Amino acid sequence: VKSWQESPVLYNGRDATPSHVKHSDAVRSCNILHVNSHGQFAGPKREDVLNQEMNSRPWRNSLRNALLDPTEILHTTGLVLASEEQENTGAEQTSLLEMVDIWALCIARCGLACVIACSGGVVNTGSRSDESLSIGTAFLAGGAKHVVTTLWPVEELCALAVMSRFYEKLRGHECALREGNMAENDTTDRTTIGAFLEEARQWYRCLKFEEHHALLKRLAPGRTIFQ
């Protein structure tokens, strides 16, 4: 989203490839970037392997920290997107937008990046990276001013409902501020983001069963919500 007055640019399905994202002028010039994808964080997998190999050694913690290679995380952690070769295959193919690719997005104009992806905020506390390597921090390194991400797996429709409410509140707030002649890029601050996220969470949590069912049916018509 470049501004609330313009239609958003969408990359969906087979168009949502790492190549399209990396070379997109719309991504580089956006004010709000929303990503809804599978996330992959490689750190814990590598740590588990090392734990198994050195479980009987009293000095395993220091050895594990010495062996963990942060550069491995850079190329095996990222967002799972569509593959460029999708159209040439019968089966669904995926490709990884690596952490190093996110670093190079050049999104300095982005006031807010919302990364709704499993493991988006996960860090490897056992690595020498000082807990700084994650999908979320990669967007900060890429230039985003603020980043909202997730620590745990999220249900697709629930996340859609909460973020829809969040964007409604944020848009209303920024439109009101713009009427006061404040620049749009100056209206997104972490206090506002945190308050609207909490309001959206509480709103969703307090929905009655009938309201919850009607909301999810509206968001995903034709899909079986409850068995």
Side-chain angles (χ1 to χ4, degrees), residues 1-13 15-16 20-21 24 26-27 29-41 78-82 97 102 105 107 109-122 134-140 142-178 184-185 187-209 211-223 225-226:
V1 178
K2 190 172 183 179
S3 72
W4 295 114
Q5 288 72 43
E6 299 181 25
S7 298
V9 177
L10 300 176
Y11 291 105
N12 190 28
D15 292 330
H20 283 163
V21 173
S24 170
V27 171
S29 63
C30 71
N31 182 42
I32 296 178
L33 176 63
H34 183 91
V35 180
N36 188 22
S37 174
H38 293 293
Q40 173 178 299
F41 182 75
L79 298 170
V80 180
L81 303 179
L97 181 67
I102 300 173
L105 285 180
I107 50 175
R109 297 183 182 181
C110 182
L112 173 63
C114 292
V115 186
I116 311 304
C118 300
S119 302
V122 172
S134 72
I135 297 174
T137 57
F139 279 92
L140 289 173
K145 186 176 180 181
H146 303 290
V147 175
V148 172
T149 187
T150 55
L151 281 174
W152 301 281
V154 291
E155 206 286 322
E156 181 180 17
L157 291 181
C158 296
L160 176 59
V162 171
M163 294 309 296
S164 296
R165 177 75 173 190
F166 166 73
Y167 285 129
E168 287 176 6
K169 300 290 291 185
L170 185 64
R171 179 178 183 177
H173 174 75
E174 294 195 347
C175 289
L177 288 175
R178 189 168 55 252
E184 186 168 349
N185 288 336
T187 65
T188 304
D189 61 77
R190 61 183 180 181
T191 303
T192 302
I193 294 169
F196 289 157
L197 278 174
E198 176 61 16
E199 193 279 338
R201 186 185 71 85
Q202 290 290 350
W203 164 80
Y204 186 75
R205 183 179 182 181
C206 295
L207 286 176
K208 296 179 180 179
F209 178 85
E211 296 172 329
H212 182 256
H213 185 271
L215 173 66
L216 296 187
K217 291 292 287 185
R218 177 172 61 84
L219 293 175
R223 177 171 172 177
I225 306 299
F226 302 103

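Side-chain atoms are counted along with the backbone in the values below, which use heavy atoms only and exclude waters and symmetry mates. Note that the structure is predicted; figures quoted are calculated from it, not measured.
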Please report the closest heavy-atom contact between [X] and [Y], naming both atoms and the distance.
{"X": "A16", "Y": "L81", "value": "O-CB, 3.1 Å"}
{"X": "G13", "Y": "A82", "value": "O-CB, 3.3 Å"}
{"X": "A200", "Y": "F166", "value": "CB-N, 3.9 Å"}
{"X": "V80", "Y": "S37", "value": "O-OG, 2.6 Å"}
{"X": "G39", "Y": "A117", "value": "N-CB, 3.8 Å"}
{"X": "F139", "Y": "L79", "value": "CZ-CD1, 3.9 Å"}

Residue list, side chain to side chain donor-acceptor pair (under 3.5 Å) with H38, at least two apart or on another chain: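 H38 satisfies side chain to side chain donor-acceptor pair (under 3.5 Å) with no other residue.
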
Side chain to side chain donor-acceptor pair (under 3.5 Å) against S24, all qualifying residues, sequence neighbours excluded: Y11

Any chance you could measure [X], atom [atom1], to [Y], atom [atom2], to the nearest 0.5 Å?
{"X": "S164", "Y": "L157", "atom1": "OG", "atom2": "CG", "value": "10.0 Å"}
{"X": "L216", "Y": "E156", "atom1": "CG", "atom2": "CD", "value": "11.0 Å"}
{"X": "K169", "Y": "E199", "atom1": "NZ", "atom2": "CD", "value": "4.5 Å"}
{"X": "L112", "Y": "I107", "atom1": "CG", "atom2": "CD1", "value": "10.5 Å"}
{"X": "I193", "Y": "H173", "atom1": "CD1", "atom2": "NE2", "value": "10.0 Å"}
{"X": "L219", "Y": "L160", "atom1": "CG", "atom2": "CG", "value": "4.5 Å"}

Please enumerate all residues that pass side chain to side chain contact (heavy atoms under 4.5 Å, CB included) together with [X], with sequence neighbours excluded.
{"X": "C30", "result": "L33, C110"}
{"X": "L140", "result": "V147"}
{"X": "E168", "result": "R165"}
{"X": "S29", "result": "K2, R109"}

Residues that E211 engages under salt bridge (Lys or Arg N to Asp or Glu O under 4.0 Å), provided they are two or more places apart: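 Partners of E211 under the salt bridge (Lys or Arg N to Asp or Glu O under 4.0 Å) test: none.
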
Side chain to side chain contact (heavy atoms under 4.5 Å, CB included) assessment of L170 paired with I32: CA-CA 11 Å; L170 185 64; I32 296 178; 4.0 Å; yes

Residues that Y204 engages under ring-ring contact (aromatic ring centres under 6.0 Å, His included), provided they are two or more places apart: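 Only H212 meet the ring-ring contact (aromatic ring centres under 6.0 Å, His included) criterion with Y204.
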
